[in-house]
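For reference, the structure is listed below as structure tokens.
For ligands, and for the atoms within them, numbers begin at 1 and follow the listed sequence. What's counted below: heavy atoms across the whole structure, side chains too, no hydrogens, waters or symmetry copies.
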Amino acid sequence: MSAKSQFNDVLRLMREHHKWFDKSIPLIASENIPSPAVREALMSDFGNRYAEGWPGERVYAGCIYIDQVELICNELAKKVFRAEFADCRPTSGVVANLAIYAAFSDPGDYMMAASIPSGGHISHGKKEHFGTAGLVHGLNIEHYPFSKEEMTIDVDATKKKITEMTRDNKPPKLGMFGGSLFLFPHPVKELADFMHDHNMYVNYDGAHVAGLIAGGEFQDPLKEGADSMTMSSHKTLWGPQGGIIVSMEKHSELIKKAIFPGNTSSHHLHHVAGKAIALAESLEFGKEYAKQVINNAKAIAQALAGHGFEVLGEKRGYTASHQIAVDVSKFADGGTVEKNLEKANIILNRQLLPGDIKSGRHYMHPSGIRIGVPEITRLGMKENEMKEIADFIKRVVIDKQDPSRVAQDVSNFRVQFKKVHYTFDNSVGAYEYKSLLGIPQ
Ligand code: DSN
């Protein structure tokens, strides 16, 4: 195959991807659709430059405009997250977590975190599972005791575990809250003082829920006692892919050094511009959006439960966040369900649920699926649409209808939802392909 035909293939495949998402229902909990302004930032020349260091103290020339944008970005992040200090340079949530590990711990130290089936993220993981914390920073990980019924960390059992670890000469240095399967707030205010009294630092990984925290509709980790909060800039917060750290001022110097030179060189300046735009949108529209996200997540949970699905967290109203977890094992394994729904243009991911590893389930065939509503909410969908989506899911998973038939109905349903909402300018379609080469869509 010639280089020119592969060049053309890439351009064609990107257009195909846009067309597909334009007629699909995107339900991946860790994704969102950025505004046209964020997409414009990603196309700018900022992405071709270097700006190592802090604004005004760069290692490179050529940063006059870049510095101004980065300062705006940090100011906005402080305002949005009600923080004394913000640094928008981490290039991802994983890099943000690595910077916190470097700032607050040494290799060989112990960290408390949630296990993957209890919602923890790979970047909090053990070395033997190739998790970032263990593999890259050499941390030893101990998992929080977790209550499946409450779908959150068990406070009393955690205090007992920290006490025992301290007694056994394995005192934890860092408590990591937050994660990827994240239905209800974690007990930061219940545990932060206890952890500080045990000489621990407390970080909250708000990758998933940053947009909800920005809108004031989830917990407020820094107020509740966390030393720092790491996050992704592209999940419920609707920016470009990347990371942000916010903290108290007293930790700022440690964190800055841990980010540069510790964990970044180029910090993807087009993404910093995009983060600034997303944060400005969040300041203006974030509260209304966060409320609707949570209402939508509750509505889809109720509709699915009404169809006979086992939605986790029933006792607590299924969810207080942007996502729900569904045990689909009485119909098929999560991997099969994910694949069948994808054929119907309903895009979500399979999910390990608490107890899955113990019962010998592989992550390719877990018992669950995870459904997130950040992207469909940004497309303007509300509670009624959640019922329609639950019907589509039932038709594929329970009624075993031909997914291609459902895909047609999904495509018709999507016709009314082509624009990004909660932004200053949505003149370009959400998934409209804008070609610099003048290639028609
Ligand atoms: N693993 C991703 C998720 O929660 O989907 C986040 O990095």
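When hydrogens are left out, the protein atom nearest atom 4 (O) of ligand 1 is His208 NE2, 2.7 Å; that is the closest non-hydrogen contact. Scanning the protein heavy atoms around atom 7 (O) of ligand 1, the nearest turns out to be His121 NE2, 2.8 Å.
A side-chain donor from one of Glu52 and Ser265 sits under 3.5 Å from a side-chain acceptor of the other. Defined by atom type and a distance below 3.5 Å, a donor-acceptor pair is missing between the side-chain atoms of His268 and Gln241.
Between Phe182 and Phe218, the ring-plane angle classifies as perpendicular under the 30° and 60° cut-offs. Ring pair Trp20/His17 is perpendicular by interplanar angle, where above 60° counts as perpendicular and below 30° as parallel.
Shown here is Lys189, whose NZ atom has no more than 12 heavy atoms of other residues, nucleotides or ligands within 6.0 Å.
A heavy-atom separation below 4.0 Å is found between Lys235 and ligand 1.
Interface of Ser30 with ligand 1, defined as ligand atoms under 4.0 Å from a residue heavy atom, comprises 3 (C), 4 (O), 5 (O). Residue Arg370 has at least one heavy-atom neighbour below 4.0 Å for each of these atoms of ligand 1: 3 (C), 4 (O), 5 (O).
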